[in-house]
Amino acid sequence: MRKSQIIIGGIIALIVGIQACEKFEPGLPLEDSLLDGPIEGLSLSEMQRFNDGDRTFNNEVFTVEKGLGPLFVSNSCVSCHAGDGKGNPFSTLTRFGQVDETGNQFLHLGGPQLQNRAIPGYQPEVLPMGATFSRFTPPAVTGLGLLEFVPDDVLLQMADPNDLDGDGISGRVNWINIPSYIKPRSGSISQNGRYIGRFGKKASVYDLLQQTVDAFAQDMGISTLYHPIDVYSGQNADPEISTQRVNNVGFYLQTLKAPIPRNQTDSEVIKGKALFTQVNCSSCHQPKLTTGNAPISALAFKDFYPYTDLLLHDMGPGLDDGYTEGIAKTNEWRTPPLWGLGLSPNSQGGKYFLMHDGRATSIEQAIELHGGEAAASRQQYNKLSPTDKAAIIKFLKSL
Amino acid sequence: MHKKYYVTLLISVSLFVPALVHAQIDSTLFRRAENKDSLNNTMNMDAIYNRPMLSAGKLPVALGGYMEANWQHIGQDGVSQGNQFQFRRFTIFMASTISKRIKFMSELEFENGTKEINIEFAALDMEFHPLLNLRGGIILSPIGAFNQNHDGPKWEFTDRPISATQLLPSTWSNAGFGLYGKHYDDDWMFGYEAYVSGGFDQSIINNEQGKTYLAATKSNTDRFELSLTGQPLFSGKLAARNNRIGEIGISYMGGIYNRYIDNGNVIDEKRTLSVYAVDFNTKIPHIKTFITGEWAWIKLMVPESYTQQYGERQQGGFVDIVQPVLQRKILGWPKASLSLACRLEYVDWNVGKLRETGDNIGEDLWSVVGGLSFRPNSETVLRLNYRHQRSRDFFANPPVLLGGFSFGISTYF
């Protein structure tokens, strides 16, 4: 009798135990501490595409057999954008060969991007003599779909290339030539056959498909149907990845959620937010944008808070590397979104690597590097009390 | 696919033909070669033969094997895999004493159903002298202890040690030849092994793991007939055992791993791989606590212009502590035992610093596994484990947490 009671008790304990198993597994990190995740409102089929793209972006390592190289910068998407966040100097890439709007003069010598790594048996590229260059630290990739569907006319309305309002902030769009495989969005505005670029440090990329195709080609040496060229030899090449998977990666980037701000009711954060506007940082780092029509309904007509105007601004001689893209000048940089800034160390190895090339290792350093159109805001920031400065920093870390 | 069918057919014939010949045979007529107490009479290098086998009548072949099946409920950072039922391994041993001092032993393994079918060991042993034995065939490299002593029923954990299976990478076998021998002196035993065999290939630095991963070579099924390097892999081990203290072994495995000549033309530099390991095991008298572990260091040449994600140095190991808490008749099994167990594991897949920042490279993992095991006899084990694991990516970003329960059964047959 005692034995059977033990057995029955054991079976009941086992059943209860199995039901409770999940309680003993690691919990989900706080939602606002993660950059990964889909935007709200995707349909079931869109969610499947998101997952397919997620697997390629975050899980896939490209090998020689899968098309890597022979020259490359990185062997996976995630090695540049860990957790969909900003990259580390390890994956910072080098662009070279263009000094003005006449175009890149070093395309025949491997430009515009230096492939600084090579599979065994090959030698990586070295910078050609006389080529000016700039180093680009990979950006976070969250919320990009929202940025993609901000209408062109909104960007043009924010632009003030001749500073007609006299606030010291100009801002202009980068008119770029788009590749033949890109179909302009409906409502796109063109000028002399050029379209408005909005992605990349110099706003030289039109949309996320182009960004994806460029990354496969220039960063990983993987040819696609869209760009069937081997960047090593410059010769035609068979696609090394299916078009569907390239499209799904593009879709994944479009539908990644926007970073979720934290501590928004904290009084110091509220104060910092007001000071941010007071010292005029928000002229370029526009808090709010709104999407227009979009083929993905979850992205259409949405208000969001990226803290960018997607425009080019003169950032002064300190940030002038002597290299550019499109019609941007060498001292002009696209305003980077500030959303997710506080989560940067989670993907950059516990540290900050800010500005276009990661040269700033703190938010304070990054502010100090602002020159040109941003110099006035920097000076106003420097006049603030230590308490007020701390409030701005806390606000920025809350984004 | 065809290879799988042939192997399955071969096994079926080898198993069922004797059964048909002795149709309706009384199973008590099978003679069981009992597993000996591994603590007092044998060394790790003997694990290949230290297995229970059955032989029938005058059949020249003894048969045995083991199986492992698991249930697990594991989650990672809040995402649970739910209930997973796994048939990890079904392994068949076939051994034969061909004549005095000439033996043959083989181990054929089906992993995860029939997803992987491998001949893990199939070698002829000829003894010229206790200190001089020739072994040839598919051999298990004597690196660390686990590689040769890996049978599921011997362990108190549902999972094999990560450092042993992925770093070293157990079970690692290849076609080759070599010598081994042992010397006894009262309570002391000394053993050596030295083999040359086919080696690794370039997949160890060109794989979908995105890190130096010796286990990647195991997916190259051509390695039993073609060594792309044309160079032998040397593996060797020295071990000493005292019956009162325990056993310690030091081992080495190394050679050129990359294809540097193709079609007679030099296409790359020669790159070497070296693996060093130390292993030990002991049983504390009176309280019968069994402790075993191993630690390995890996060094290899990686082209400087390649990515640092494929590290030049790795290290890792594990320690198992098993404490019997009950050894008596339980539920009618006269020699049953109940044990508590704990495993500590650590693996650093990429030892070094980032060239760009000088910061330590992450890509490491540690885990603690607690366990409760029940053995109705020495050859069958039921085990319940809980794993807590932390792993960091290449940049040493905040760790990914993994944890959960697993339950498994494993038995020799």
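Reminder, nothing fancy here: chain letters follow the sequence lines and each chain counts from 1. These figures come from a predicted structure and were not determined experimentally.
If you measure heavy-atom distances from E60(A) to chain B, you find no contacts under 4.5 Å at all. Of the atoms belonging to Y260(B), not a single heavy atom falls under 4.5 Å from chain A. Of the two parts of S79(A), the backbone and the side chain both hold a non-hydrogen atom closer than 4.5 Å to a non-hydrogen atom of chain B. Heavy atoms closer than 4.5 Å to chain A are found nowhere in N258(B), neither backbone nor side chain. With a 4.5 angstrom heavy-atom cutoff, R387(B) does not touch chain A via any of its atoms. At a 4.5 Å heavy-atom cutoff, the contact between D359(B) and chain A is made by side-chain atoms alone. Contacts between Y306(B) and chain A at a heavy-atom distance below 4.5 Å involve backbone atoms as well as side-chain atoms. When heavy atoms are compared at a cutoff of 4.5 Å, L402(B) approaches chain A solely by way of its backbone atoms N, CA, C and O. Heavy-atom distances place the backbone of I267(B), and not its side chain, under 4.5 Å from chain A. D393(B) touches chain A through its side chain: at least one heavy atom from C-beta onward sits under 4.5 Å away, while N, CA, C and O do not. Residue Y386(B) touches chain A through its side chain alone, counting heavy-atom pairs closer than 4.5 Å. Contact of T357(B) with chain A is made through the side chain alone, with heavy-atom distances under 4.5 Å.
For an aromatic pair to be called close, the ring centres must be under 6.0 Å apart, and F24(A) with F405(B) satisfies this. F57(A) and Y252(A) have their aromatic ring centers within a separation under 6.0 angstrom. Between Y122(A) and Y232(A), a ring centre-to-centre spacing shorter than 6.0 Å is recorded. Ring centroid separation for the pair W349(B) and Y310(B) does not come in under the 6.0 Å cut-off.
With rounding to the nearest 0.5 angstrom, the CZ atom of R375(B) is 14.5 Å from the NZ atom of K335(B).
Looking at D32(A) and R262(A), no side-chain N of the basic residue comes within less than 4.0 Å of a carboxylate O on the acidic one, giving no salt bridge. Between D348(B) and R313(B) there is no salt bridge, since none of the side-chain N atoms of the basic residue sits less than 4.0 Å from a carboxylate O of the acidic one. R271(B) and E312(B) are not joined by a salt bridge, as no carboxylate oxygen comes within less than 4.0 angstrom of a charged side-chain nitrogen.
The greatest number of non-hydrogen atom pairs below 4.5 Å with chain A, out of Q202(B), E269(B), Q76(B), is found for Q202(B). Across G349(A), S76(A), G83(A), P345(A), the residue that shares the most heavy-atom pairs under 4.5 angstrom with chain B is G349(A). Between chain A and the residues G78(B), S203(B), G403(B), G82(B), the most heavy-atom pairs under 4.5 angstrom are made by G78(B). Highest contact tally toward chain B, considering only F72(A), F62(A), F90(A), is held by F90(A) [criterion: heavy-atom pairs under 4.5 Å]. For the set L401(B), T307(B), L384(B), the count of heavy-atom pairs under 4.5 angstrom toward chain A peaks at T307(B). Annotation: maximal heavy-atom pairing with chain A below 4.5 Å, among A396(B), G404(B), G210(B), occurs at G210(B). Interface check for chain B: of the options P120(A), A82(A), S91(A), the most heavy-atom pairs under 4.5 Å are formed by P120(A).
The local environment of OH in Y213(B) is crowded, with over 12 non-hydrogen atoms from other residues, nucleotides or ligands closer than 6.0 Å.
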Quiz prompt | Check against side-chain contact (heavy atoms from CB on, under 4.5 Å), D357(A) and F136(A) | solution = CA-CA 5 Å; D357(A) 54 2; F136(A) 293 174; over 6 Å; no
Self-check item: Intermediate values then yes/no, salt bridge (Lys or Arg N to Asp or Glu O under 4.0 Å), D52(A) and R55(A)
Solution: CA-CA 5 Å; D52(A) 287 342; R55(A) 277 188 278 273; 3.0 Å; yes
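Listed here is the closest heavy atom pair of N207(B) and A216(B): CB-CB, 3.9 Å.
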